[in-house]
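Data first, discussion second: the structure below is written as structure tokens.
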Amino acid sequence: EDLVEVKPKMVMTVFACLMARGMKRADQVFSITSKTEEEVSIVRNVSSDYETVLWQPAAPGYIKPNMEVHLFVPGSSLTTVKDLLTKHHISHQILLHNTQELIEKQTQSNASDPRSSGSYYERYHPLEDIYHWINKTKHDHPEMVEVILIGSSYEKRPLLVLKLSGKGGSQPKRAMWIDCGIHAREWISPAFCLWFVNYAIDFYNIVADITEILDSMDVYVLPVMNPDGYKYTWTTNRMWRKNRSWHPENYCPGTDLNRNFDANWCTEGSSSRACDETYCGLFPESEPEAEAVANFLRSHKHTVKLYLSMHSYSQMLLFPYSCSYQEASNHQELNELAQEAAQKIRMYYRNTYKYGAGARTIYLAPGGSDDWAYKLGIKYSFTFELQDRGRYGFLLPPELISKACNEALTALKTIALGVIKKT
Ligand code: ARG
Ligand code: ZN
């Protein structure tokens with residue numbers, strides 16, 4: 001027996017040394033492209049094991065040959081995942097080397113922190129700060145802003161909607177709805193809602209397009225539709241997507257709020273397993289956050305003409321249907337609005353947005369809020385997928401907030417003005 005005996009104590013010492021020198025392996029994001037169905041099934045397995053988190057697409061079932069897959073791999077699984085991909089000759093590269101640095105950049109939100117720069121709107125904010133901002137915004141602009149409590153989250157946080165109204169224009173008024181932060185980790189989305197409200201208040205009666213929009217439509221803005229999940233991404237797990245509800249019969253917490261609406265609920269493109277990222281919940285609107293939004297829109301369905309939902313990332317302007325391959329009855333109109341918006345983004349910001357019906361443009365995603373709103377009778381219904389296309393993914397640095405929001409704002413205004421003309 002000339003094997004060197006490795007004592008647990010030695011292993012512990014080596015590990016402790018690595019830790020002490022700060023050599024704990026960094027969490028990384030991989031870009032993986034599988035060529036064959038066999039490779040696809042390996043990537044699917046890798047993405048559902050080893051504590052990895054799929055960034056793109058949202059669930060393993062969506063992975064197809066030749067699709068660029070973005071996978072977050074924690075430092076502890078790095079070697080295993082890398083070896084597995086190499087062993088099977090699956091093409092992969094590192095997209096992000098050190099996610100921790102990027103997360104730190106995103107969370108340096110405090111203005112008194114010398115490392116953070118830019119205005120309030122060019123930073124990401126913890127949930128408490130957003131609640132504070134909502135109150136302050138109402139307090140500072142009582143003539144334009146009303147705050148409406150539409151319900152509360154699973155963990156009993158208030159779901160607050162800002163109602164923005166102009167003074168001019170004709171009565172009775174139409175309205176539009178914007179929600180942000182359905183998915184917890186998509187931080188650029190709440191940042192956009194704040195950006196939009198600030199822009200609307202600052203430039204009402206100064207810039208023609210936003211003035212016309214606010215004179216023609218009340219704008220309901222829900223800055224954080226999934227406050228429990230958002231909070232969780234700040235405190236515990238930056239990569240969390242779903243809400244935080246526990247159903248007693250389930251093993252895992254969290255329902256995908258964008259699979260919980262009554263639009264071909266829980267069919268292909270969502271999952272009935274609680275531990276999956278696209279878990280559809282127990283029944284349509286089983287989640288208090290989805291129910292609150294649905295109740296509000298049901299009771300305002302005669303005034304709300306335009307529904308917008310903000311997500312990230314991938315740079316797309318999507319419209320119904322996502323819950324089936326069927327074409328929406330006003331597909332042509334929706335397509336023209338999205339096309340015009342994408343052209344403006346290209347012209348003014350030199351950036352590319354894909355557009356089209358959700359199911360055909362990304363994937364089947366039943367139970368989405370946009371399809372549900374459309375079926376309710378809100379015939380102009382869109383989901384925006386904001387920046388970027390994977391350079392930073394969910395970890396978009398704060399310096400890039402302004403461009404991401406400005407281009408989305410351009411698209412929003414283009415579509416809103418188009419809808420005003422039609423309705
Ligand atoms: N990426 C988002 C998701 O997986 C949006 C997909 C489009 N689906 C929709 N219903 N609009 O939920
Ligand atoms: Zn999303």
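As the structure lists them, so they are numbered: ligands from 1, and atoms in each ligand from 1.
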Exercise for the section: State whether a side-chain donor-acceptor pair under 3.5 Å links Thr255 with Asn260. Expected result: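 No donor-acceptor contact under 3.5 Å links the two side chains.
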Exercise for the section: Go through the steps to decide whether Lys403 and Glu407 satisfy the test salt bridge (charged side-chain N to carboxylate O under 4.0 Å, His left out), and finish with yes or no. Expected result: CA-CA 6 Å; Lys403 185 171 180 266; Glu407 69 190 19; 3.7 Å; yes
Practice task
Might you list the protein residues in contact with ligand 1, defined as having a heavy atom under 4.0 Å from one of its atoms, sorted by chain and number?
Solution key: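 Ligand 1 is contacted, at a heavy-atom distance under 4.0 Å, by His183, Arg241, Asn258, Arg259, Leu318, Ser322, Ile362, Tyr363, Ala365, Gly368, Asp370, Thr383, Glu385.
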Problem - N/O donor-acceptor pair under 3.5 Å between His92 side chain and Ile90 backbone - result: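 Flag set: sc His92 to bb Ile90 pair under 3.5 Å.
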Problem - Exceeds 12 heavy-atom contacts within 6.0 angstrom, atom NE2 of His300 - result: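 Count over threshold, so yes.
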Problem - Candidates Thr80, Val81, Thr79 - the one meeting side chain to side chain contact (heavy atoms under 4.5 Å, CB included) with Asp83 - result: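 The side chain to side chain contact (heavy atoms under 4.5 Å, CB included) with Asp83 is passed solely by Thr79 among Thr80, Val81, Thr79.
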Problem - Parallel, tilted or perpendicular: rings of Tyr121 and Trp195 (30°, 60°) - result: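 Perpendicular.
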If you round to the nearest 0.5 Å, how far is [atom2] of [Y] from [atom1] of [X]?
X      : Y      : atom1 : atom2 : result
Trp240 : Asn226 : CH2   : CG    : 10.0 Å
Phe382 : Tyr374 : CZ    : OH    : 10.0 Å
Asn198 : Leu194 : CG    : CG    : 8.5 Å

Problem - Polar protein atoms (N, O or S) that approach the Zn ion (ligand 2) to under 2.8 Å - result: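 N, O, S partners closer than 2.8 Å: His183 ND1, Glu186 OE1, Glu186 OE2, His311 ND1.
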